[in-house]
There are 2 protein chains.
Amino acid sequence: MNARTGTTAAAPLLQASPGFAQDERGGCPIREVLDRVGDTWSILVIFNLQPGPMRFNALKRAIEGISQRMLTVTLRSLERDGLVSRTVRPTTPPEVEYALTELGHSIAVPIDALGVWAARNRDAMRMARSAFDTGA
Amino acid sequence: MNARTGTTAAAPLLQASPGFAQDERGGCPIREVLDRVGDTWSILVIFNLQPGPMRFNALKRAIEGISQRMLTVTLRSLERDGLVSRTVRPTTPPEVEYALTELGHSIAVPIDALGVWAARNRDAMRMARSAFDTGA
DNA sequence: CGGCATCCTCTAGGATACTG
DNA sequence: CAGTATCCTAGAGGATGCCG
């Protein structure tokens, strides 16, 4: 639970998009998901795991700029939420493979959609920004 | 973050999902979009603006827990990126209406998809979590 | 009403070092 | 290789007050 939202059960957390606004079982779903996957790295990790399982350091190399600590933390979090599975092969040195679960793959679909949008519209955003910065 | 502002074409910023990985025009698009919309409030604002334009305080009331400052900041950011438009009617007191632009509506689609996923799978996530916490 | 400006807190997350 | 542990800073973001 979030410190901001507290435990106010009656609060209309998000009434937009009637359908999955709040469903009286604990607030707005988007918010709940955002709280878990909305951090800096989760999306990128899911993104990278989509093609197939990866080992820890491979993942670390793939996601430019992530620290060892944050990769560990993020992976644990995703594992905890059932989005990623962790498989250890007791060789020496150990091999640990991370993979998307079925749930993980299912969330990867909308995330991919966002990626597609990003690829298509990044220029528009850039132009909007420089226009905004230039004058208005 | 790394100083990858240079034209170092060698860095594999994100090689997952070949198609919108990096397109040699400045790194991974998903990353760029995440940098702008991946904060705590942007998605929720877009979400709330989807049904129609809203005034500042209406928006503030709708998005439970957001501070005045953060709403202002977030709206400016979205406006800057061309996702939201701001219209002032010079009445007294002034009326300021925020609305999604066309670009804003277009990004709302994949965001909505995420919302749908959230509504459908939040229980699965919760169960996974308590299972993880219990022992596994 | 719809904002800025200021101050201050708190935590996400980087750097570094050590281990099985 | 794949982590854990510790330490520490930058910046996100809340609280408050003032203004057109």
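Since we're looking at a predicted model, the values are computed, not measured. In the text below, chain A, chain B and the rest are named by the order of the sequence lines, each starting its count at 1.
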ask   = Considering only heavy atoms from C-beta outward, does the side chain of B:Ile107 approach that of A:Asn121 to under 4.5 Å?
value = no
ask   = Does a salt bridge link A:Arg31 with B:Glu64, judged by any charged N lying under 4.0 Å from a carboxylate O?
value = no
inquiry  = I need the CD1-C1' distance between B:Ile63 and D:dG14, as an integer number of Å.
reply    = 16 Å
message = If I compare all heavy atoms of A:Ser106 with all of B:Trp117, which pair ends up nearest, and what's the gap?
response = OG-NE1, 2.8 Å
key: Straight-line distance of A:His105 NE2 to A:Leu100 CG, nearest 0.5 Å   = 4.5 Å
request  = Check the distance between C:dT11's P and A:Met70's CE and give it to me in whole angstrom.
outcome  = 14 Å
Rounded interatomic separation in angstrom, taking CE from A:Met54 and P from D:dA2 = 13 Å
request  = Find the distance A:Arg89:CZ to D:dA2:P and express it as a whole number of Å.
outcome  = 10 Å
query = Whole Å only: how far is the CD1 atom of B:Ile66 from the P atom of D:dA15?
reply = 12 Å
Please list, pair by pair, any protein nitrogen or oxygen found under 3.5 Å from a nitrogen or oxygen in nucleotides 1-6 of chain C.
| unit_1 | atom_1 | unit_2 | atom_2 | d |
| --- | --- | --- | --- | --- |
| C:dC1 | O3' | B:Arg55 | NH2 | 3.1 |
| C:dG2 | OP1 | B:Arg55 | NE | 2.9 |
| C:dG2 | OP1 | B:Arg55 | NH2 | 3.3 |
| C:dG2 | OP2 | B:Asn57 | N | 2.9 |
| C:dG2 | OP2 | B:Asn57 | ND2 | 2.9 |
| C:dG3 | OP1 | B:Arg76 | NH2 | 3.2 |
| C:dG3 | OP1 | B:Arg86 | NE | 3.4 |
| C:dG3 | OP1 | B:Arg86 | NH2 | 2.5 |
| C:dG3 | OP2 | B:Tyr98 | OH | 2.5 |
| C:dG3 | N7 | B:Gln68 | OE1 | 3.1 |
| C:dG3 | N7 | B:Gln68 | NE2 | 2.8 |
| C:dG3 | O6 | B:Gln68 | OE1 | 3.4 |
| C:dC4 | OP1 | B:Arg76 | NE | 3.3 |
| C:dC4 | OP1 | B:Arg76 | NH2 | 2.4 |
| C:dC4 | N4 | B:Gln68 | OE1 | 3.4 |

Which atom pairs, one a donor and one an acceptor, fall under 3.5 Å between side chains of residues 65-78 of chain A and the rest of the protein, sequence neighbours left out?
| unit_1 | atom_1 | unit_2 | atom_2 | d |
| --- | --- | --- | --- | --- |
| A:Ser67 | OG | A:Met70 | N | 3.2 |
| A:Thr72 | OG1 | A:Gln68 | O | 3.0 |
| A:Thr74 | OG1 | A:Met70 | O | 2.6 |

key: Distance, rounded to the nearest Å, where A:Lys60 contributes NZ and D:dC1 contributes P   = 11 Å
query = Do B:Leu83 and B:Val37 come within less than 4.5 Å of each other through their side chains, counting heavy atoms only?
reply = yes
ask   = Whole-Å distance between D:dC1 C1' and A:Leu59 CG?
value = 14 Å
message = Could you tell me how far apart B:Leu71 (CG) and D:dA12 (P) are, to the nearest whole angstrom?
response = 17 Å
